[in-house]
Structures are given as C-alpha cells and as structure tokens.
Amino acid sequence: MTTKRKLIGRLVPCRCFRGEEEQVPKEIFSFERTLEELYLDANQIEELPKQLFNCQALRKLSIPDNDLSNLPTTIASLVNLKELDISKNGIQEFPDNIKCCKCLSVVEASVNPITKLPEGFTQLLNLTQLFLNDAFLEYLPANFGRLSKLRILELRENHLKTMPKSIHRLSQLERLDLGSNEFTELPEVLEQIHNLKELWLDNNSLQTIPGSIGKLRQLRYLDLAKNRIESLDADISGCESLEDLLLSSNMLQQLPETIGMLKKLTTLKVDDNQLTSLPNTVGSLSLLEEFDCSCNELESLPPTIGYLLNLRTFAADENFLTELPREIGNCKNVTVMSLRSNKLEFLPDEIGQMTKLRVLNLSDNRLKNLPYTFTKLKDLAALWLSDNQSKALIPLQTEAHPETKQRVLTNYMFPQQPRHDEDYQSDSDSFNPALWEEQRQQRMTVAFDFEEKKEEEEEDNSVEINLKRYPTPYPEDLKNMVKSVPPQHRSLSSQNTSSPPQNTSSNSINQAHHSIYPATAYIQPKHASNPPYMHPAHNSIRPDL
C-alpha cells in the first residue's frame, strides 16, 4: 500500500542569488511533479523562472518581500494553486488570465503599487480571503460581487471612494477593512451584507453614520475613529451584537440615548470629541470593560456609571471634571483609572471601595489632599500626582483637615497647582534673542588689570593682579585683548604648558597657562589649601589665537 507524500520546498531568506543568472536554485525543479508548497520569501528575486510554472501540483506559492515587478501570464498554468502570497513587491497589476487559477482561495497582495483589478480576477469564484492593503486602488470591478465566497476582504490604505453595488452579493463576508481610504459617506450597500462581523472605516472623511447601519445585527467590531462624524444615529442600537465601538477623534457633540441598548458592548472609545455630557443610559452597558472618554468637554459624569460593575479600565483625561460621582466606588473591578488634567478639587470617600485599583493618575488637577479611605487600596502600585513625578508611588502621611478636622492623606505634592500654559512653551517659542542678549550682559567673568612688579617677577615669575568684573566679551574682543597684553607676558609661551598648573597663592597665576590664556587665572579659595585643577576653558572663552 502506497501513500502520497506531500513535498514542500522552502528557500530561507538569503541574499546569495542576487546577480546570478538564475535566482532560484534549479535543484528545486527536480521535484516539479510532486512539489506542493514553495516558499521563496525575502530573496531579492526579480523574475520568476519559467520552470516554476511547470509545477502542476503546486498548491501554495509564497514569494513576499522580493523585487518582482510583474506577475507573468504563465501563472495561469498553476491550475491547482490555492494560496498565493506576492506581498511587498513592485507588482503593478494582475494578468487577466489569472482567472485560470480556479482553485485560488487566498490571495495576499498587500504593499504593491496595484492600481486596478482585471475583470478576470472576478472569476476566481473560490476566493475566500483577499488582502490588498497599502496599494493604489481607486475602484473595484463592477461585478466584484461575483466573489460570493469571500469571508475576509481587506482594502486598507488605498484611494477608494465608492464600492460597487454588486458587493451586496458577498453574503458570506465577515470581515471588511476599508480604513484609510477616501470615503465621505458610508456605502449604502454595506447594510445588505447581513453576515458582516467586523467593519473598519477609520481614517476616512465620514461626516454622518446613517441609521441603516443598525441593520448589521451580526456586527461585533466597528471602528469609525479618525473621521469627521458629528452625530451618531439612534438606530445604531440595532447592532445588538456589537462588542467593540471605536469613535475616537471625531466631532461628536453628544451620544444617542439608545447607546445603552448595546448590551454586549465591552469596549467603548469616544475620546477626542466634543462631548459636553454622557447619557445616563451608559450605565446600562453592564458588560463594559474598557471606557475612554478623554479629551472632551465633560463637566461631570453620570451617577449611573456606578452600574458598570465589569469595568476594568476607565479614562477621562483632559476634561473639565470638578468632582466625581460617589457611585463610582461601585466599580470595584477597575484596575486602571486615569483622570489627568481635570479640575478635581476633592475625591469621594467611596473611591476607597475600588480595592482592585493598581494604577491611578490624578496629575494636573486641583486636589488639596486625598481621602483617608485610600489606605484601603492595598493593590495600588502607581499613584501619579504630577507630570514630572519621579516615582510611581510616593508615600502619603495622615493629616487633619484644617476645616472639617477629618483625617486625610497628603504629601509634599499637595495642594496641587493648576498648570499654566506659559510653563509649556514650544520649541519655536523658547528662544528670545532680546532676552538672551540681556542675560549675556549679566553673565560676568574675571578680567584683570596687570601691575608689573619687576622684583617679584624676577624671583618667582608671579604677577600681582587686581580683580575686577566685566561682562563676558565676544571672541573678537578677546583677540583684541590679547593684542593689548604687553609682549613680555606673551613671550612666556616658551615654558612647558603640557602639565597642569600647580597650586598658587591667592595673588598669583600659572605662568605657562597665562601665556596662552591671558584672560584666565586660577584663584585659590581662601578656605581651601589644595584647590582642584580646573581647565582654563571652564573659566573663560578661549580666544582663537
């Protein structure tokens, strides 16, 4: 009894074939009748050899990250090919006769300068997964809907503005990624793809989300971030299976009350919008685990937030919150909570009930102290009270409140001081020429008027100096100062200058260094008998002699 053996050829990433007549070893094609899988990843291949297309049994061909500029028409001979990976090459188009590869199920062609798909591509009726991210597609063939077995379609980072009407025939489509394209409105045909479970439309130019999106009752993941959406239709509640809703970086001014009907929602991100309030129905999202409403205009949080018993991560940074509802203490499963850059003046005692808190960010607020119930937060590993805080958790000490006489917790960071904009100048505004010149005038250095004492000079070659303070001169001025020094002082350069200066008295200087740096002196402090050696460059600007 004989069994069919599956033969796999794998050429590991190698640069050794570049410049040779054949970039794929000929030995591979000695098995052309039985070869089923061939991996040629990252080998700088510029052209596929003709022998490759004689491998009739080939089921998987992987040639990503090479230097291919075209896909030869002879690929039509690979009639048993099921998986094709040509990503990260320089391929500009598919040959029309790729339609002969009837068995193709998975095509990965991302990161290629492909501008359009041929009509023959729509005859790949067994295609289930198509990845064409980061290409130059401006439109899809009108009869694209013929690919009715597609389950995954990724067209991220293209130039698409519309979708063909036939796309509603993709009845088995579960994942559709249209992120980073040029859509200005939601394609109407999407509402007819009832089996859709994941939909990416982030980083487009959408302004409204029609209520028809509520017809996608199987939808679990919806990403609408980085658009220009001003309102969200109340009929979004029809997406009853929705688990992740991302609305970050839009222009939303309010959320519909019906958002509370999304009972299966576990992640809700509405950060970086223009929300002034949150609907009370947000408390109905009983399964919510992650909630981010940062960078809005919220002045308060609804008390119903206390019903979010499964909440684990909560962020409300950069709002206008002056207080927190007492009910927030019921969110006992929260481990990370960030309330940075608000106007909080106090925290409710109930926050001590959030015993699973591990990270709490309260920096840039107006808190005067912390409630004593913080002592119950045994798992707290990081408490941020300042943007420039050096340690994650700074010890707190007990103190009596001056007015209520209740026990509170405090440390040297309290009371918090609100941040001023002038404390955070940009790099472009940090340099003021007028101010710099004024500061330069104030910086002083030691300059000297020399009085020659010939008798002492003959004995120990020292010079008595009278110290006066003048503004630090420019290098050009220093050159002029050198010229003004008497020749006898400059002629001392013949002495050895390689060794460091020896300790001198308070009215003497090292002659060797004085000859090179006439405006530099080493002054011995009165309180020290052996001053450390200091290089002349630390005391003045060295002139370019």
Side-chain angles (χ1 to χ4, degrees), residues 105-107 125-133 140 144-156 160 162-181 183 185-204 206 208-227 229 231-248 250 252 255-270 279 281-282 284-292 308 310:
S105 174
V106 180
V107 173
L125 303 183
N126 286 308
L127 202 61
T128 60
Q129 301 179 35
L130 175 58
F131 303 90
L132 263 169
N133 301 308
L140 296 178
F144 190 83
R146 293 185 62 185
L147 305 176
S148 57
K149 291 186 179 180
L150 267 180
R151 292 188 298 104
I152 299 176
L153 176 57
E154 294 192 4
L155 301 169
R156 188 175 194 84
L160 298 172
T162 59
M163 296 291 285
K165 293 182 179 179
S166 63
I167 201 173
H168 74 276
R169 296 167 58 185
L170 304 181
S171 57
Q172 298 185 38
L173 193 63
E174 297 181 358
R175 183 199 302 172
L176 176 59
D177 190 347
L178 298 175
S180 299
N181 275 280
F183 291 97
E185 58 183 14
L186 193 70
E188 296 181 0
V189 291
L190 294 185
E191 65 192 51
Q192 302 178 42
I193 310 177
H194 301 297
N195 202 44
L196 200 60
K197 294 180 173 60
E198 302 175 19
L199 177 57
W200 278 265
L201 278 164
D202 57 297
N203 203 16
N204 279 278
L206 303 176
T208 58
I209 300 299
S212 59
I213 198 173
K215 297 180 180 180
L216 302 177
R217 299 189 179 277
Q218 302 298 321
L219 198 62
R220 298 177 183 174
Y221 183 97
L222 177 57
D223 190 348
L224 297 169
K226 296 183 180 180
N227 279 281
I229 303 172
S231 62
L232 193 63
D233 196 280
D235 288 342
I236 195 174
S237 59
C239 301
E240 53 189 27
S241 300
L242 204 58
E243 297 177 4
D244 295 80
L245 177 57
L246 280 61
L247 293 163
S248 307
N250 277 286
L252 290 170
L255 296 177
E257 294 284 340
T258 55
I259 200 170
M261 300 176 65
L262 303 176
K263 300 294 185 179
K264 295 184 179 180
L265 209 61
T266 59
T267 301
L268 176 58
K269 293 187 177 183
V270 293
T281 53
V282 74
S284 301
L285 306 175
S286 56
L287 297 181
L288 199 63
E289 297 180 2
E290 181 179 359
F291 184 24
D292 190 347
L308 304 180
N310 285 296

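Across every non-hydrogen atom of L216 and L199, the tightest pair is CD1-CD2, 4.4 Å. In terms of heavy atoms, L178 sits closest to M163 at CD2-SD, 4.0 Å. Summarising the geometry of K149 relative to L125, their closest heavy-atom pair is CD-O, 3.4 Å, with the distance given to 0.1 Å. Counting all heavy atoms, side chain and backbone alike, I229 lies closest to N250 at N-OD1, 3.1 Å. What you find for D177 and W200 is that their closest heavy atoms are OD1-CB, 3.1 Å. G260 approaches S284 most closely through the heavy-atom pair O-CB, 3.5 Å.
In the displayed structure, E257 atom CD is contacted under 6.0 Å by more than 12 heavy atoms of other residues, nucleotides or ligands. Surrounding NZ of K215 are at most 12 heavy atoms belonging to other residues, nucleotides or ligands under 6.0 Å away.
In this structure, CG on L147 lies 11.5 Å from CD on Q172, to the nearest 0.5 angstrom. Put simply, CG on L173 and OG on S148 are 11.0 Å apart, with the number rounded to the nearest 0.5 Å. For the atom pair L242 CG and R217 CZ, the distance stands at 12.5 Å (nearest 0.5 Å). Here CG of L246 is found 12.0 Å from CG of L201. Values are rounded to the nearest 0.5 Å. Distance CZ/R169 to CG/L150: 12.0 Å, rounded to 0.5 Å.
Contact of the P279 side chain with the L255 side chain is registered, since non-hydrogen atoms from C-beta on lie closer than 4.5 Å. Taking 4.5 Å as the limit, some side-chain heavy atom of L153 sits within range of a side-chain heavy atom of F144. Side-chain contact check for D244 versus T266: some heavy-atom pair is nearer than 4.5 Å. Side-chain atoms of T258 and T281, non-hydrogen and from C-beta on, never get closer than 4.5 Å to each other. Side-chain contact between V107 and L127 is present, with heavy atoms from C-beta onward closer than 4.5 Å.
At a threshold of 4.0 Å, the pair K264-E243 does not count as salt-bridged, since none of the basic side-chain nitrogens sits closer than that to a carboxylate oxygen. Residues D202 and K226 are not paired through a salt bridge, judged by the lack of any N-O separation under 4.0 Å between the basic side chain and the carboxylate. A salt bridge does not link K165 with E188: none of the charged nitrogens is closer than 4.0 Å to a carboxylate oxygen.
A side chain to side chain contact (heavy atoms under 4.5 Å, CB included) with I213 is found for one member of D233, L222, D235 and no other, namely L222. Residue F291 forms a side chain to side chain contact (heavy atoms under 4.5 Å, CB included) with just one option from L268, L285, T267, and that option is L268.
Put simply, the side chain of T128 gets close to the backbone of S105: a donor and an acceptor are under 3.5 Å apart.
Side-chain atoms of N133 and E154 include a donor-acceptor pair closer than 3.5 Å.
By the side-chain hydrogen bond (donor to acceptor under 3.5 Å, both in side chains) test, S180 pairs with N203, sequence neighbours left out. Residues that satisfy the side-chain hydrogen bond (donor to acceptor under 3.5 Å, both in side chains) test with S171, not counting sequence neighbours, are absent from this structure.
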